[in-house]
Structure formats: C-alpha cells, structure tokens
Amino acid sequence: MQAWQVHENGAPSEVMRLTEVERPTPGDGQVLLRVRAANVNFPDALLCRGQYQVRPPLPFTPGVEICGETEDGRRVIANPALPYGGFAEYALADARALLPAPESLDDAEAAALHIGYQTGWFGLHRRAHLEAGETLLVHAAAGGVGSAAVQLGKAAGATVIGVVGGADKAAVARELGCDVVVDRRGEDVVAAVKEATGGRGADVIYDPVGGEAYTQSAKLVAFEGRIVVVGFASGTIPSPALNHALVKNYSIVGLHWGLYNTKNPKLVQHCHEQLTELAARGVVKPLVSERVPLAEAAGAVQRVADGVTTGRVAVVLEKGASA
C-alpha cells in the first residue's frame with residue numbers, strides 16, 4: 001500500500017515521503033481500517049517536527065484523524081494508532097474507540113468532525129460551562145479548531161466574536177456565523193472587542209493560539225470569565241500572571257481532550273452523540289476548504305503548519321486501495 005512516512009524530524013514538506021509499504025498488522029484490540037479520508041491537523045505538523053507530546057518511533061505515518069471503513073463495510077471515525085497514521089491507504093485503530101460516521105456528512109466532513117469538534121465541545125461545555133446569552137471570543141476563528149468552536153458557540157446560544165488574521169479569513173468567520181469579526185492585522189483587537197462588548201469583555205475566551213492572543217485574552221476576559229487554553233499554534237507558550245487572574249476574578253482553564261479517551265471514554269461517546277445530532281440538524285457542519293488526493297498530503301500538512309488555510313483540509317482517497 002501507499003503511505004507517507006517520516007524518517008527524520010523537520011518541516012512536513014521536507015521530511016514526509018510517499019512510499020510503498022506493507023499493510024500494518026493489527027495488534028491486540030486493534031482493527032485495520034481502509035482510509036476513506038484523513039483530516040489534516042496542526043498536531044500532524046508537530047509530529048513531523050518532533051515537537052508533539054507523543055513521539056512515535058521513526059519511521060512513522062502521520063495523520064491523527066480519519067474516516068475509515070472496517071472489513072465488514074462499516075463507515076467509522078477513528079484516531080489512528082501511531083506509528084500507523086491516517087496519511088496512508090490503510091491505518092490501525094483501537095477497536096473500542098471507533099465511532100460511527102454521521103450519515104449526514106461526507107467522508108471528508110466526517111473525518112473533520114472529531115478532534116476539533118470534540119475539543120470545542122469539551123472546552124466550551126465541560127470546562128467553561130458556556131451558557132446561552134454569554135459572549136464567546138474565539139481566536140483563529142477561521143481555522144480548523146476555531147471554526148468548530150464558532151459553530152458550537154452559536155449552537156449554544158452565545159454571541160460569538162471571532163478574531164482572525166486577514167480579510168479572507170474575516171469573510172470565512174462571518175460565513176461561519178460570527179456576530180462580530182475582528183481582523184487582528186488591521187484592527188486593535190483589545191479596543192475592538194471592548195467596543196463590541198460595551199467595555200465588559202468576553203465571558204468565555206477560546207484560545208488555540210497562545211502568545212500575543214493570550215495576552216489579549218487576559219485584557220478582555222470579563223468578571224467571572226473563563227479563558228480556555230487549547231493550544232499554542234503561535235509557537236509561544238504564555239506565562240499567565242496569577243495575581244492578574246486573582247484581581248480580575250477570572251479562571252484559566254486547561255483542556256487536553258486526548259486524556260478523556262483514557263480517563264473518561266464514556267464522555268467521548270456522549271459528545272459524539274451530541275455532535276452527530278447537531279450535524280443531522282445542520283447546526284454544525286465542518287468547513288472543509290480543500291480536498292486533496294493522497295499524493296498531495298505533505299503539501300497540505302505544510303500549509304496547515306504555515307497557518308495559511310481556513311477551516312479544514314482533508315486528504316481524500318480513491319476507492320480500491322492497493323495491497
């Protein structure tokens with residue numbers, strides 16, 4: 001079969017190589033899946049660089065989120081078991097963690113419903129307890145993680161403010177349903193959000209960026225507000241001033257969604273049921289901005305790493321994978 005492999009760490013476009021390899025053999029509790037579509041995530045770039053919290057042995061195949069097909073023809077969503085990731089014709093996954101792919105979504109959309117939307121649901125509902133009528137600020141609102149949070153925030157009845165970088169991404173954020181869009185490249189984010197909220201700030205701030213975005217969040221969080229720390233796409237991990245959190249009376253909440261797969265997997269299943277229902281109603285629908293063939297996966301991962309994409313980029317495989 002064909003699979004992208006990383007033999008040394010570095011930039012995705014430089015270290016990912018498409019090669020012919022043997023199909024992986026499932027271990028105990030694992031299942032072999034034919035990959036129908038693999039969603040590109042920022043962690044895929046971090047895996048290539050050797051900067052992710054999980055470091056599979058070299059060589060490995062990246063791709064942490066797929067829509068696949070079981071041997072008996074079931075269409076499922078899965079997180080592949082590294083080193084046999086999703087940028088290949090076949091991948092391995094934990095049989096107990098397979099989730100049914102929503103019938104209302106195509107393969108690329110189904111692949112994109114998992115990590116970003118689960119992260120958004122847990123962040124907004126489990127960790128921040130977002131309530132209808134509250135104001136939600138989403139950094140990188142046009143990106144893969146941010147776009148999911150925007151849709152989930154609107155579904156929860158929140159007023160959503162999206163912060164983006166550039167006119168094209170601002171247009172995408174508006175299409176996603178943001179009530180207010182702030183372009184950080186041409187506007188003062190802090191001033192614009194304060195004006196939009198009458199000086200009060202946001203009740204919940206969803207931050208997958210870190211760096212300067214977190215600095216802005218601390219200035220914009222409302223009384224009894226919650227800053228949800230999701231990731232550090234900027235490459236800079238902030239050091240929060242806890243005295244500031246005390247004086248302004250807000251919470252800094254961390255979210256590591258992957259832990260729920262081992263700590264409380266039933267919640268992951270419950271979340272998927274909620275997301276499937278929202279998708280069936282058309283309330284949430286992953287924004288898949290690009291669908292590329294397997295041969296173009298490395299370039300897709302590099303574009304996501306460079307922050308030049310909107311929504312999700314999916315690698316879509318043709319039927320009839322090789323042996």
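Within the 4.5 Å cutoff, the side chain of His114 has heavy atoms near those of the Leu99 side chain. Using a 4.5 Å cut-off on side-chain heavy atoms (C-beta onward), Arg74 and Pro100 make no contact. No side-chain heavy atom of Tyr84 sits less than 4.5 Å from a side-chain heavy atom of Gln30. For the pair Leu32/Leu92, a side-chain contact is recorded, criterion being any heavy-atom separation below 4.5 Å from C-beta on. Counting heavy atoms from C-beta on, the side chains of Thr197 and Leu220 never come closer than 4.5 Å. Considering only heavy atoms from C-beta on, Leu136 comes within 4.5 Å of Val160 through its side chain. No side-chain heavy atom of Ser147 sits under 4.5 Å from any side-chain heavy atom of Val138. Looking at heavy atoms from C-beta onward, Leu47 lies in side-chain contact with Val64 at the 4.5 angstrom threshold.
Among all heavy-atom pairs drawn from Val316 and Ala108, the shortest one is CG2-CB, 4.1 Å. Closest heavy-atom contact between Val268 and Phe122: N-CZ, 4.0 Å. Minimum heavy-atom separation, Ala305 to Arg49: CB-NH2, 3.6 Å. Ala112 approaches Tyr117 most closely through the heavy-atom pair O-CD1, 3.4 Å. Scanning all heavy atoms of the two residues, the minimum distance from Leu137 to Ala202 falls at CB-CB, 3.8 Å. Nearest heavy atom pair, residue Ala167 against residue Asp183, reads N-OD2, 3.6 Å.
Cluster annotation: Tyr206 and Val283 are assigned to the same hydrophobic cluster (Ile/Leu/Val/Met/Phe/Trp/Tyr, side-chain heavy-atom contacts under 4.5 Å, transitive). Follow the hydrophobic side-chain contacts under 4.5 Å out from Val189 and you never reach Val204; the two are in separate clusters.
At most 12 non-hydrogen atoms from other residues, nucleotides or ligands lie less than 6.0 angstrom from CG of Asp168. Other residues, nucleotides and ligands place more than 12 heavy atoms under 6.0 Å from the CG atom of Asp72. A 6.0 Å sphere centred on CD of Glu187 holds more than 12 heavy atoms belonging to other residues, nucleotides or ligands. The number of heavy atoms from other shown groups lying within 6.0 Å of CD (Glu22) does not exceed 12.
Asp203 pairs by the salt bridge (Lys or Arg N to Asp or Glu O under 4.0 Å) definition with Arg200, not counting sequence neighbours. When the salt bridge (Lys or Arg N to Asp or Glu O under 4.0 Å) test is applied to Lys248, no partner is found at least two apart in sequence or on another chain. Applying the side-chain contact (heavy atoms from CB on, under 4.5 Å) test to Val54 and every residue at least two apart in sequence or in another chain returns Tyr52, Pro56.
Under a 3.5 Å cut-off, the side chain of Thr61 and the backbone N or O of Trp4 do form a donor-acceptor pair. No donor-acceptor distance shorter than 3.5 angstrom exists from the side chain of Gln5 to the backbone of Pro59, with no hydrogens or angles considered. For Asp207 (side chain) and Val228 (main-chain N/O), no donor-acceptor pair under 3.5 Å exists by modelled atom type. Asn41 places no side-chain N or O within 3.5 Å of a backbone atom of Asp44 that could act as its donor or acceptor partner. Proximity of a side-chain donor or acceptor of Arg312 to a complementary backbone N or O of Glu109 within less than 3.5 Å is not detected. Between the side chain of Gln151 and the backbone N or O of Leu176 there is no donor-acceptor pair closer than 3.5 Å.
A salt bridge links Lys154 with Asp179: the closest approach of a Lys/Arg side-chain nitrogen to an acidic carboxylate oxygen falls below 4.0 angstrom. Taking the charged nitrogens against the carboxylate oxygens, Arg303 and Glu290 do have a contact shorter than 4.0 Å, which makes a salt bridge.
Between the CE atom in Met1 and the CD atom in Glu20 there is a gap of 9.0 Å [rounded to 0.5 Å]. Rounding to the nearest 0.5 Å gives a distance of 10.0 Å between CG of Leu152 and CH2 of Trp121.
Side-chain contact check for Tyr250 and His244: at least one donor-acceptor pair (N or O, by modelled atom type) lies under 3.5 Å.
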